[in-house]
Amino acid sequence: MQYTEIESQKKLQTLLEKELHISKYAFQNLDFTSFTSALSDTTFTDCIFLGCSLPDYLVCNLYTNNYLFPKLDMPYNTYVNGLYTKEILYDNYILNQPESYKKTKDAIIYSHFLKTGKEGNDIKETLGRRLHDHSISDALYGFLENYPEDKKVAIMGGHGLSRADEGFTTVAQLSKKLTEKGYLMLSGGGPGAMEATHVGAWFAGKTDAELEDAIAILATAPSYKDRMWLDKSFEVLKKYPTSNYESIGIPTWLYGHEPPTPFATRIAKYFANSIREDGLLAIAKGGIVFTPGSAGTIQEIFQDATQNHYLSFEVSSPMIFMDSEYWTKERPVYPLIEKLNNEEKYSNLLLSLCDTNEEVIEQLDAFSISK
């Protein structure tokens, strides 16, 4: 029997009103102190309490047959009970005041991350980060349960891709079309091709002219190194404030100098880049589109090939290389992967080389139908 997770005060209240004996539940970041009367006749066994506020008398009773994990004094919540959003990570950002980023939760956590060392200098810090990342994974997989496995698609590519580059528009248009066809779009959640993925998903259901207008605004600060890069994102979001579609960005504070794109409606931000990268590839069972990129993208290609070769997650998903000139000439990864697959040094790889969005969509749809 799995643990049933309770992550909201309302669900906790309902449970306490219905049950006198509670077993195999996990409570995350909840306040029990306002339910004193309901708790007087309630017993708990084999339950997990993660960062909860508990009356003193209840703490004594719980220690025998349950698991209690106290809060740690950190500038981040070690027991996050949901995915981040732009409103949470950019809580104190003020439009037209780019320096206000320094006061946001994202910036404060990154500053702490650097101060305490990227590898962590003491056991409290490393424990806090591991607990945080565990909570993020838990929230992420809980959210993903709402989507079919073959409809989760990731786009990989260079973080340095300029908003003014034709490739940025191409990725955004591809993501827009895929989102409208029912795919959940995923990326590493940063700038460049990653941002383009979420811009496209945000504008799903809107006109192509509106997407073009948004990209034109973004292109006035083309690189994430530009002072107004984030500000232009919020300028677009102010002009087009709503979206009827979800997308998930999965960034990391290891690369905290690259702010996460606020166009992702859900943000699963990790401390550990290894968990973030391997997890993103594992989640995208509907396929991965590799757009032009350098060291990071090439690393992800071989990680994905290994997962597919060993059927690590019980399925081999399409590996689609976008831009044949780039992947066969400039970065000739595709011929090598294809050769190894033909020689059965790799097995189970579903490889394709595409030059248009239509070709990519055709490959993804064919795989989805086959499932």
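These numbers were taken from a predicted model, which means no experiment stands behind them.
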Testing the 3.5 Å rule here: is there a donor-acceptor pair between the side chains of [X] and [Y]?
X	Y	result
His21	Thr42	no
Asn121	Thr116	no
Thr33	Asp31	yes
Thr207	Glu210	yes
Tyr90	Thr85	no
Glu359	Gln363	no
Gln303	Gln307	no
Asp46	Ser23	no

Using the ring centroid of each side chain, check whether [X] and [Y] are separated by less than 6.0 Å.
X	Y	value
Phe69	Tyr79	no
Trp253	His112	no
Tyr25	Tyr3	no
Phe271	Tyr76	yes
Phe321	Trp327	yes

Can you find a pair of side-chain heavy atoms, one from [X] and one from [Y], that are under 4.5 Å apart?
X	Y	value
Tyr183	Asp150	no
Phe44	Asn65	no
Asp304	Met319	yes
Ile88	Lys105	yes
Val199	Leu218	yes
Thr170	Asn357	yes
Lys102	Ile108	no

To check you understand the geometry: which heavy-atom pair defines the closest contact between [X] and [Y], and what is its length?
X	Y	value
Thr252	Ala272	OG1-C, 4.4 Å
Met194	His198	O-CD2, 3.1 Å
Ile267	Thr261	CD1-O, 4.0 Å
Ser187	Gly189	OG-N, 2.9 Å
Gly82	Ile136	O-CD1, 4.5 Å
Lys86	Pro262	CD-O, 3.3 Å

Between Val360 and Met322, does the side-chain contact (heavy atoms from CB on, under 4.5 Å) criterion hold? Intermediate values first, please.
CA-CA 8 Å; Val360 172; Met322 180 69 161; 3.6 Å; yes
If you measure from CZ on Phe32 to CG on Leu16, what distance do you get to the nearest 0.5 Å?
6.5 Å
How many angstroms lie between atom CD1 of Ile6 and atom CG of Leu50, to the nearest 0.5 angstrom?
12.5 Å
Grouping I, L, V, M, F, W and Y whenever their side-chain heavy atoms are under 4.5 Å apart, do [X] and [Y] come out in a common cluster?
X	Y	value
Ile320	Ile155	yes
Ile248	Val153	no
Leu127	Phe113	yes
Ile22	Tyr63	yes
Met74	Tyr84	yes

Under the 6.0 Å and 45° cation-pi test, does Lys206 pair with Phe203?
yes
Would you confirm whether [X], through its side chain, and [Y], through its main-chain N or O, come within 3.5 Å as a donor-acceptor pair?
X	Y	answer
Thr14	Lys10	yes
Glu180	Gly205	yes
Glu258	His159	no
Ser175	Ala172	no
Arg163	Trp229	yes
Trp202	Leu237	no

Describe, in one word, how the ring planes of Phe27 and Phe49 are oriented to each other, choosing from parallel (under 30°), tilted (30 to 60°) and perpendicular (over 60°).
parallel
Hey, can you tell me if Phe234 and Tyr93 have their rings parallel, tilted or perpendicular (30° and 60° cut-offs)?
parallel
Check step by step if side-chain contact (heavy atoms from CB on, under 4.5 Å) holds for Met156 and Ile288.
CA-CA 7 Å; Met156 306 297 191; Ile288 296 180; 3.6 Å; yes
Salt bridge check: are Glu314 and Lys285 linked by an N-O gap of less than 4.0 Å?
no
Any Lys/Arg nitrogen of Lys239 or Asp213 sitting under 4.0 Å from an Asp/Glu carboxylate oxygen of the other?
yes
Which one of Met185, Gln173, Lys151 satisfies the side-chain contact (heavy atoms from CB on, under 4.5 Å) criterion with Leu178?
Met185
